[in-house]
Amino acid sequence: MIKFLDLNKINSKYESAFALGFTSFLKSGYYIKGLEVEQFETNFAAYCGTKHCIGVANGLDALTLIFKGYLELGKLQAGDEVMVPANTYIATLLSVLNTGLKPIFIEPDIETFNISPSEIEKHLKPSVKAILVVHLYGQLANMTAINQIAKANNLLVIEDAAQAHGALSVSEEKKAGNLSNASGFSFYPTKNLGALGDAGAVTTNDDELAACIKLLHNYGSSKKYVNQKIGINSRLDELQATFLNVKLKDLDTDNAKRRDIANKYLNGIKNSKIKLPYYDGSSNHVFHVFVVRVDDRSRFIKHLEQNEIGYLIHYPIAPHQQEALSHYKSLYLPVTERIHETVVSIPLHPELTTVEVKTIINALNLY
């Protein structure tokens, strides 16, 4: 059986470093907001090319804190509208809804799966104050076009970069997390840069926003028992920061391995029943997942199971069709719904062997 994702195999090479890091952590006596968090914030800001990185508890909190920060600073007001890609994970929407803002669902480009700039332009109106861009599946959205639209209409741009650690825009010579006003990252264990538990971060070049989020994520406090704002408890765990510091140095190498496997799939899978993902061959895609589209998903999944190939569906239900967001169920979003009905993710991670890759290609060609 070829697993969809083998976290044991991915993390096994770090066991000795993790053990040393844990011992150092344990003996330090600093278990919250210690030196490892400070080091990771410095390291990840440098990696992304941003002035600031603030470690937080998870990716949802990262996005939520960005919106809370802009509300505190008066750059957003309660009830303002935020454009959001319709075909995203629900957490993207929750960050908007949980801060008293209103999401406007925008259809994606059917080829890239990312939010469509032309659809953004169709929904421009005075009540829209921000665009929340998701680099879905690890591929950068068209940030040049999106930022041009935002600049012309005085809109904030926020990146949900939870799946795009290390993706590089060649045209702008900038990485995910440094292509907007602020960005939220998740380091959930399955991510390209994955912790061993929940973890997240905000990156930004906005000094004022960074200072505000540093307060908000720590009870609204910059000094113990002195609270300037109504904040929350969402701090990056010191132990997870230890693990992330160990793994960050290999991120670019691992992303290169992902692109190599993706190219093998793109060149080797020759089956008209399977729609392969769009890829321009650049480093703008880090292939967090490799997503194909098939008309008869049930039949395709059965074929994968018969060939002992793991898979996942990212995502089986569109956000506006979820029970939690039932008040949006009447929206007409045919492109989004078609994507959610036809996508399947096949195995792709840095520890896949050459034999496993060939086995997957052969199985898909026999479908």
Side-chain angles (χ1 to χ4, degrees), residues 5-15 17-18 21-22 25 31-50 52-66 88-92 94-95 134-138 140 158-167 175-178 182-204 210 213-214 217-218 232-255 258 286-289 314 348-351:
L5 184 64
D6 192 336
L7 290 178
N8 283 332
K9 187 182 289 187
I10 288 171
N11 288 313
S12 63
K13 64 184 177 183
Y14 298 112
E15 285 182 8
F18 285 167
F22 176 77
F25 155 79
Y31 305 142
I32 302 290
K33 288 179 68 66
L35 294 177
E36 289 289 342
V37 169
E38 288 183 16
Q39 189 63 60
F40 179 72
E41 289 175 336
T42 298
N43 291 344
F44 198 64
Y47 178 81
C48 293
T50 58
H52 304 282
C53 170
I54 306 103
V56 299
N58 54 69
L60 172 56
D61 282 2
L63 294 175
T64 301
L65 283 160
I66 291 170
T88 185
Y89 183 56
I90 196 170
T92 313
L94 294 178
S95 71
V134 180
H135 303 309
L136 199 64
Y137 306 146
L140 293 179
I158 296 98
E159 293 169 80
D160 179 342
Q163 300 181 1
H165 316 80
K175 287 179 179 172
N178 192 24
S183 179
F185 284 90
S186 166
F187 304 115
Y188 187 76
T190 61
K191 305 300 186 186
N192 291 35
L193 179 60
L196 272 66
D198 276 317
V202 173
T203 57
T204 185
I213 291 175
K214 285 177 182 178
H217 89 303
N218 186 38
I232 62 174
N233 175 14
S234 180
R235 300 173 297 215
L236 175 59
D237 182 80
E238 181 75 0
L239 184 56
Q240 298 306 330
T242 301
F243 299 146
L244 290 169
N245 278 323
V246 170
K247 295 179 74 174
L248 179 58
K249 67 182 186 301
D250 289 335
L251 179 55
D252 285 342
T253 300
D254 284 347
N255 283 342
R258 288 174 180 270
V286 292
F287 287 97
H288 170 59
V289 286
H314 297 88
L348 194 160
H349 61 80
E351 301 304 320

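Starting from 1, each residue takes its place in the sequence as its number.
Put simply, the side chain of Lys247 gets close to the backbone of Gly194: a donor and an acceptor are under 3.5 Å apart. Of the possible polar contacts, one joining the Glu41 side chain to the Gly55 backbone as a donor-acceptor pair under 3.5 Å is found. Looking at Glu238, its side chain does come within 3.5 Å of a backbone N or O of Glu36 through a donor-acceptor pair. Using modelled atom types, no side-chain atom of Ser234 and backbone atom of Asp61 make a donor-acceptor pair closer than 3.5 Å.
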Is there a side chain to side chain contact (heavy atoms under 4.5 Å, CB included) between Phe18 and Asn11? Walk through the geometry before answering.
CA-CA 9 Å; Phe18 285 167; Asn11 288 313; 4.2 Å; yes
Evaluate the side chain to side chain contact (heavy atoms under 4.5 Å, CB included) criterion for residues Leu193 and Leu244: first the C-alpha distance (whole Å), next the side-chain angles of each, then the deciding distance (0.1 Å), finally the verdict.
CA-CA 7 Å; Leu193 179 60; Leu244 290 169; 3.9 Å; yes
Verdict with reasoning, Asn43 to Lys249, per side chain to side chain donor-acceptor pair (under 3.5 Å):
CA-CA 9 Å; Asn43 291 344; Lys249 67 182 186 301; over 6 Å; no
With side chain to side chain donor-acceptor pair (under 3.5 Å) as the criterion, how do Asp254 and Asn192 come out once you've worked through the C-alpha distance, each side chain's angles and the decisive distance to 0.1 Å?
CA-CA 8 Å; Asp254 284 347; Asn192 291 35; over 6 Å; no
Checking Val289 against Leu5 for the side chain to side chain contact (heavy atoms under 4.5 Å, CB included) test, could you report, in this order, the C-alpha distance in whole Å, the side-chain angles of both residues, the deciding distance, and whether it holds?
CA-CA 10 Å; Val289 286; Leu5 184 64; over 6 Å; no
Start with the C-alpha distance between Thr204 and Ile66, add both sets of side-chain angles, then the distance that settles side chain to side chain contact (heavy atoms under 4.5 Å, CB included), and finish with yes or no.
CA-CA 10 Å; Thr204 185; Ile66 291 170; over 6 Å; no
What verdict does the ring pair (Phe, Tyr, Trp, His ring centres under 6.0 Å) test give for Phe187 and Phe243, after you've listed the backbone C-alpha separation in whole Å, the side-chain angles of each residue and the deciding distance to 0.1 Å?
CA-CA 11 Å; Phe187 304 115; Phe243 299 146; over 10 Å; no
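Atom NZ of Lys214 sits about 6.0 Å away from atom NE2 of His52, to the nearest 0.5 Å. With rounding to the nearest 0.5 angstrom, the CG atom of Asn58 is 12.0 Å from the CG atom of Asp237. To the nearest 0.5 Å, atom CG of residue Leu236 and atom CD1 of residue Ile32 are 9.5 Å apart. Rounded to the nearest 0.5 Å, atoms OG (Ser95) and CD1 (Ile90) are 11.0 Å apart. Annotation: the span from Leu63 atom CG to Phe185 atom CZ amounts to 10.5 Å, rounded to 0.5 Å. Between the CZ atom of Phe22 and the CG atom of Leu239 there is a distance of 6.5 Å, given to the nearest 0.5 Å.
In this structure, Ala161 and Ala176 approach most closely via the heavy-atom pair CB-CB, 4.3 Å. Pairing each heavy atom of Cys48 with each of Asn178, the nearest pair is O-CB, 3.3 Å. In terms of heavy atoms, Asp252 sits closest to Lys175 at OD2-NZ, 4.0 Å. In terms of heavy-atom proximity, Gly197 sits nearest to Gln240 at N-OE1, 3.3 Å. In terms of heavy atoms, Asn218 sits closest to Arg235 at OD1-NH1, 2.9 Å. Considering all non-hydrogen atoms of both residues, Cys53 and Thr203 come closest at CB-CG2, 4.3 Å.
For the side-chain hydrogen bond (donor to acceptor under 3.5 Å, both in side chains) with His135, the qualifying choice from His165, Gln163, Glu159, His288 is Glu159, the only one to do so.
Contact of the Glu351 side chain with the Asp6 side chain is not registered, since no non-hydrogen atoms from C-beta on lie closer than 4.5 Å.
Heavy-atom contacts from other residues, nucleotides or ligands closer than 6.0 Å to OH of Tyr188 number 12 or fewer. Heavy-atom contacts from other residues, nucleotides or ligands closer than 6.0 Å to OH of Tyr14 number more than 12.
Ring geometry for Tyr47 against Phe44 counts as parallel: the plane angle stays under 30°, on a 0 to 90° scale with 60° as the upper cut.
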